[in-house]
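Worksheet for the structure shown next.
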Amino acid sequence: MKTIVILGTGLAAAAVIRQTMKSTVLTRSDTRMIVVGPSTHFVWPIAMPRAIVPGQLAEERFLFPLGPTFAEYPADRFEFVLGTASALDPDARTVQVALNDGHVTRHIAYDVLVIATGAASRDDIPWKALATTEDTLAELRGLQRRIEGAKTVVVAGGGMTGVEAVAELGYEYARSGRKQVYLVHDEDLPLSSAALPSVRKQVRAELAKLGVKVIPNTKVTRATTTADGETTTLELTAADGGTRSLATQAYVPARGVVPNTAFAPARMLDDRGYVRQTATLQAGGRYDDVFVIGDAGSLEANKAAAADAQARHLIAALPLYLEGKTLPEYKPETKDIFAVTLGRSRGTGQMGSWKLWSVLVWYLKGRFLGTDYADRVAAGKRTLTTKFE
C-alpha cells in the first residue's frame, strides 16, 4: 500500500486533499492518504483583516470544520492526524508528528510527501491560523475586545495585510471620529515598492479619506504593555533616527510571516527558511518524492494566488508522478497582480502595469472577501479560481 502524506490543511492543501482522494486514492487499490494538521478548522485568511473588527463577520463565515469533509472518505483509505510535524527524515521517508494531546509522538512513513504547512504571522495575530483552532479563536476574540474598548488603535506594517486591516478599522471607527486609528510603516508610501506608484498613492489618499493617521518611514522598535494589559506604549523610530512614543489600547502588528518549516532539515531549506522548490514543485536533489506548495515553498512570494496556482498544478501533476510519467513544469506568474480592499466600499490594485479600478476591486473582492465561497474552498471543492464540482 502506497501512502501519500499531506502536511497542512490550509489554502494550498485543501483542494489537493480532496481532488487527490477522488482522482487517485479512491481509484487505486494500492494507495491511501494521511493528512496531518494541528487545527480542527480551516481558517479563511483573506477575510481576517475584516474579521478583527468587532461585529463585522460571524465566525462561521471564515472558520470551517474539517470533520464533515474528512468523514466522507473511507477510514481504510484516509486518516486525519491532529498534530504538528516536528521532524522530517527524507532519507528514511518518515515524518515525526507531535500530537495535539501533548503526550504522544507518532512516526509516519510515506511514499509521497506534500509539504503545505504554510506560514505564520510574526506576532501571533491571527492573520493566518495559529497553532490550533482554539488558539486562533482565543487570539482573535482577545484582539476584538481590545479594539472594541480602545480609544486609539495602531496598526504596524504597510504591506497588504496591514493596509487592508487599517482601512477596515478606519472605515468602522476613524471616519466617524469614534476612535483614532494609526498606520505605522517604514517606507514613503504604503505597500511595497513592487506596486505601481499610482497604486501606492491611491492607498495613501484613501486612508486619509477614512481618517487614518499615517506615520511613514517609521518602525515600531519597542512595545511595552502595562501590568494590567490595558495600554501599550510604542517606541517609534523614524528613518532619520528620531524617536517618539505613541500609546494605544490596541496594538495590531502586521509585520509579515515566517514559514512553518522548523520540522524540515536545514539542507532542504534556503537561507530564509523556506523549503527549496524545483520547477516541478519537488524538493529536488534526492527528494523527488517530496512536493512543496504554498507559503512554505521558496519559489514565489507569500500570496494566496500563488498558493492557489501551485495547488492546481499539483492536482494535475501528482497522478502523473504516481504513474512514473514526466512531470510538467510549473510556471510562476511574472506579472504583479493583486487587489487591495480599502474599507468596505473602495479598493485598488494592479495587473502588470495596469492600475485596477476601485469599483472592480470592490465588486470582485471587497464586497465579501471571498466569504461567499470560502466554505467550498475549505472543503476542497474549488480553489480561488477553479471549481471542481
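No donor-acceptor pair closer than 3.5 Å links the side chain of T20 to the backbone N or O of T24. Remark: side-chain polar atoms of H313 are paired, donor with acceptor, to backbone N or O of P328 under 3.5 angstrom. Using modelled atom types, one side-chain atom of T136 and one backbone atom of T132 make a donor-acceptor pair closer than 3.5 Å. The backbone N or O of R255 sits less than 3.5 Å from a side-chain atom of R122, completing a donor-acceptor pair. Of the possible polar contacts, none joining the T348 side chain to the V203 backbone as a donor-acceptor pair under 3.5 Å is found. A donor-acceptor pair is defined here as one N or O able to donate and one able to accept, closer than 3.5 Å; no such pair exists between the side chain of R93 and the backbone of L113. The main-chain N or O of A150 is never found under 3.5 Å from a side-chain atom of Q249 such that the two would form a donor-acceptor pair. Panel note: side chain Q277, backbone L299; a donor-acceptor pair is recorded below 3.5 Å. Side-chain atoms of R50 never come within 3.5 Å of backbone atoms of E168 as a donor-acceptor pair (strictly under, hydrogens ignored). Remark: side-chain polar atoms of W44 are not paired, donor with acceptor, to backbone N or O of V377 under 3.5 angstrom.
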Only pairs under 3.5 Å count here: list side-chain donor-acceptor contacts from residues 31-40, not counting sequence neighbours, and write none if there are none.
unit_1: T31; atom_1: OG1; unit_2: R28; atom_2: NE; d: 3.1
unit_1: R32; atom_1: NE; unit_2: T3; atom_2: OG1; d: 3.0
unit_1: T40; atom_1: OG1; unit_2: T133; atom_2: OG1; d: 3.3

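The aromatic rings of F42 and F64 are tilted relative to each other, their planes meeting at an angle between 30° and 60°.
Taking the side chain as every heavy atom from C-beta outward, Y110 and L88 approach each other to under 4.5 Å. Side-chain contact between M268 and V290: present, with at least one pair of heavy atoms (C-beta onward) separated by less than 4.5 Å. Side-chain contact between Y251 and I125 is absent, with no heavy atoms from C-beta onward closer than 4.5 Å. Looking only at side-chain heavy atoms (C-beta outward), L210 and R346 stay at 4.5 Å or farther from each other. Annotation: side chain of T221 is not in contact with side chain of L236 (no heavy-atom distance under 4.5 Å). F388 has its side chain within reach of T383: a pair of non-hydrogen atoms, C-beta onward, lies under 4.5 Å apart. Side-chain atoms of L342 and K209, non-hydrogen and from C-beta on, never get closer than 4.5 Å to each other.
To the nearest 0.5 Å, atom CG of residue L269 and atom CG of residue D271 are 10.0 Å apart. One finds the CG atom of N302 at 10.5 Å from the CD atom of E300 (value rounded to the nearest 0.5 Å). Rounded to the nearest 0.5 Å, atoms CG (L130) and CG (D135) are 6.0 Å apart.
Contact between L191 and R200 at its shortest, heavy atoms only, is O-NH2, 2.9 Å. Nearest heavy-atom pair across T341 and G366 is CG2-CA, 3.5 Å. Taking each heavy atom of S86 and V97 in turn, the nearest pair found is OG-N, 4.0 Å. Across all their heavy atoms, T117 and A296 have their closest contact at OG1-CB, 3.6 Å. Nearest heavy-atom pair, R77 versus D30, reported as atom, atom and distance to 0.1 Å: NH2-N, 4.4 Å. In this structure, A247 and T231 approach most closely via the heavy-atom pair CB-CG2, 4.2 Å.
Of the candidates R18, Q19, Q310, Q19 is the only one forming a side chain to side chain contact (heavy atoms under 4.5 Å, CB included) with I315.
Cation-pi contact between R382 and Y373: present, with separation from the ring centre below 6.0 Å and deviation from the ring axis of at most 45°.
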* Let me see the working for K179 and E172 under salt bridge (Lys or Arg N to Asp or Glu O under 4.0 Å), right down to the final yes or no. => CA-CA 9 Å; K179 302 180 191 294; E172 182 72 10; over 6 Å; no
* To do: Kindly determine whether D91 and Y287 satisfy side-chain hydrogen bond (donor to acceptor under 3.5 Å, both in side chains), including the steps that lead there.
  => CA-CA 8 Å; D91 296 308; Y287 310 127; 3.2 Å; yes
* Give the intermediate values and the outcome of side-chain contact (heavy atoms from CB on, under 4.5 Å) for residues K365 and I46. => CA-CA 9 Å; K365 181 181 179 183; I46 293 171; 4.1 Å; yes
* Could you go step by step and tell me if Y274 and T261 meet the side-chain contact (heavy atoms from CB on, under 4.5 Å) rule? -> CA-CA 7 Å; Y274 292 88; T261 58; 5.8 Å; no
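Atom NZ of K201 is surrounded by 12 or fewer heavy atoms from other residues, nucleotides or ligands within 6.0 Å. Around NZ of K219, the count of heavy atoms belonging to other residues, nucleotides or ligands within 6.0 Å does not exceed 12. Summarising the local packing, CD of E187 is surrounded by more than 12 heavy atoms from other residues, nucleotides or ligands at distances under 6.0 Å.
No donor-acceptor contact under 3.5 angstrom links the side chains of Q56 and Y171, judged on distance only. Under 3.5 Å, the side chains of R244 and T218 contain no donor-acceptor pair of N or O atoms. Side chain to side chain, T248 and T152 fail the donor-acceptor criterion of an N or O pair below 3.5 Å.
Remark: K22 does not engage E72 in a salt bridge, criterion side-chain N to carboxylate O under 4.0 Å.
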